[in-house]
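Structure, as structure tokens:
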Amino acid sequence: MNLSKQLINWYTDNKRDLPWRNTTNPYFIWLSEIILQQTQVVQGLPYYTAFTTYYPTVFDLANADEQDVLKLWQGLGYYSRARNLHASAKYIVNVLNGQFPDTFDDILKLKGVGDYTASAIASICFNQITAVVDGNVYRALSRIYGIETAINTGKGFKEFKALAQQLIDVKQPATFNQAIMEFGARLCKPKNPDCNICPFNTVCVALQKGTIGELPVKLKANKVTKKHFNFIVMLSKDNKTIIEQRQGSGIWQNLYQFPLIETEKEATHEVIVNEIENLDILKDATFDVSLYNDKVIVHKLSHQHLNTKFWIVTLDQELSKGVSIKQIKDYPVPILIGNFIEKFNF
DNA sequence: AAAACGGGGAC
DNA sequence: GTCCCAGTTTT
């Protein structure tokens with residue numbers, strides 16, 4: 001029996017019952033694939049439920065406000081996924097008359113859809129013979145075949161894509177793709193894979209060579225930079241505060257936050273008071289500044305460590321341009337801000 | 001080719 | 001603490 005058939009047999013016996021496995025509706029599959037990019041199933045599951053409930057069709061998503069889409073995405077991270085999802089929904093409705101693209105090449109044209117996602121949708125929804133290559137596929141194939149090519153290089157991608165494309169079951173590409181991913185996620189795990197019950201343990205090159213722990217090969221970790229964030233939380237006499245939308249490129253694009261003062265080093269009370277006095281909005285105002293979190297909050301992103309302080313600024317005046325603190329929970333915010341709002345409870 | 005882009009799960 | 005997750009886009 002060949003590898004493809006064995007993989008599918010294993011999948012038949014071991015697959016999880018997940019909501020997107022009970023449909024081939026391309027809108028639902030697309031949603032699930034975007035949500036699951038760089039995201040574990042357990043983390044993405046509630047978001048899939050929320051999106052299919054609030055936006056049951058691509059028309060509902062296209063007609064939504066971006067702010068509401070971001071709000072529903074809040075906490076999942078990689079927010080460009082939500083913005084691209086929304087933009088692509090509009091494109092499908094307005095340019096393609098609501099008709100979801102049905103070939104790999106056309107699906108690939110959607111924003112936020114790369115080779116992996118286009119392959120997944122094309123195979124699952126339209127039975128196209130397009131092999132997926134995700135983190136699970138890299139891991140499973142690198143171990144079984146003992147491939148030491150680094151996966152995060154162009155060469156590596158081409159090699160694994162070609163191998164997967166050669167292995168795919170042309171009669172059931174959708175099942176094969178999901179089988180190899182489920183196999184990587186559940187049995188051929190990064191740490192402590194279940195080699196003792198693996199259907200390939202007699203042929204697995206890495207297992208025989210004792211190199212399971214070294215595969216797949218990945219080139220150097222990206223370095224992490226440290227930043228110092230100071231969020232200014234205004235509290236006015238009329239129960240308002242100031243929040244602003246992040247603009248331009250960088251993290252948390254289009255999400256909201258309290259006014260941010262970034263400093264080179266950890267900021268002192270004196271430095272913050274000085275900065276605040278220069279703000280237009282506080283000109284001629286009397287205010288009191290106190291530090292909310294005694295200990296710096298370290299918020300870790302994939303490539304930045306944000307050492308964060310929340311400064312509470314109590315004003316003895318009203319804030320005409322402020323946002324009522326009752327409405328603050330309507331705005332999409334990064335989880336760092338969301339956790340603060342929750343705990344501070346205004 | 002390398003860096004940027006989030007947050008959480010598993011160990 | 002570390003690594004990595006049903007990757008894509010920008011530089």
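Quick caveat, the model's predicted, so the values are computed rather than measured. Each chain gets a letter, A, B and so on, in the order the sequences are listed, and its residues count up from 1.
Ring pair A:W252/A:H299 is tilted by interplanar angle, where 30° to 60° counts as tilted. A perpendicular orientation is assigned to the rings of A:Y292 and A:F310, their planes being inclined by more than 60° (bins at 30° and 60°). Aromatic ring pairs are classed by plane angle as parallel below 30°, tilted from 30° to 60° and perpendicular above 60°; the pair A:F346 and A:F344 is perpendicular.
Taking the side chain of A:W252 as heavy atoms from C-beta on, and the options B:dC11, B:dG6, B:dA4, the nearest nucleotide is B:dG6.
Comparing the C1' positions of B:dC5 and C:dC4 gives an interatomic distance of 15 Å, to the nearest angstrom. With P as the reference atom, B:dG8 and C:dT8 are 22 Å apart, rounded to whole Å.
Residues A:Q245 and A:Y331 bring no donor and acceptor atom of their side chains to less than 3.5 Å of each other. Between A:T149 and A:E159, the side chains place a donor N or O and an acceptor N or O closer than 3.5 Å (distance only, hydrogens not considered). For the residue pair A:N230 / A:T263, a side-chain donor-acceptor distance below 3.5 Å is found, with atom types taken as modelled. A side-chain donor-acceptor contact under 3.5 Å links A:E66 and A:N254.
Side-chain nitrogen and oxygen atoms of A:Q304 include at least one within less than 4.0 Å of the OP1 or OP2 phosphate oxygen of B:dC5. Checking the phosphate oxygens (OP1, OP2) of B:dC5, a side-chain nitrogen or oxygen of A:H303 falls inside 4.0 Å. Between A:H299 and B:dG7 there is a side-chain N or O to OP1 or OP2 distance below 4.0 Å.
The CG atom of A:L70 sits 11 Å away from the P atom of B:dG6 (whole-angstrom rounding). Between the CD1 atom of A:I251 and the P atom of B:dG7 there is a distance of 8 Å, rounded to whole Å. For the pair A:L306 CG and B:dG8 P, the computed distance is 13 Å after rounding to whole Å. One can place OH of A:Y79 at 7 Å from P of B:dG6, the figure rounded to the nearest angstrom. Taking atom CD on A:Q74 and atom P on B:dG8, their separation rounds to 11 Å, with Å as the unit. Rounded to an integer number of Å, the gap from CD of A:Q253 to P of B:dG7 is 14 Å. Atom CZ of A:R186 and atom P of B:dG9 are 16 Å apart (whole Å).
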For nucleotides 2-11 of chain C, 5' to 3', base contacts (B), sugar-phosphate-only contacts (S) and non-contacts (-) with protein non-hydrogen atoms under 4.0 Å give --SBBBSS--

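Remark: A:K227 NZ to A:E264 CD distance equals 10.5 Å, nearest 0.5 Å.
The residue among A:V42 and A:R81 whose nearest nucleotide of DNA chain B is located toward the 5' end is A:R81. The nearest heavy atom of DNA chain B to A:N192 and to A:G75 marks one nucleotide each, and the one closer to the 5' end goes with A:G75.
Checked against the 6.0 Å centroid criterion, the rings of A:F258 and A:F340 qualify as a close aromatic pair.
For the salt bridge (Lys or Arg N to Asp or Glu O under 4.0 Å) condition, the pairs that include at least one residue of residues 195-214 of chain A, sequence neighbours left out, are A:E148-A:K209.
Of the residues in residues 147-171 of chain A, none lies under 4.0 Å from DNA chain C by heavy-atom distance.
Note on A:I35: nothing from the nucleic acid sits closer than 4.0 angstrom, heavy atoms only.
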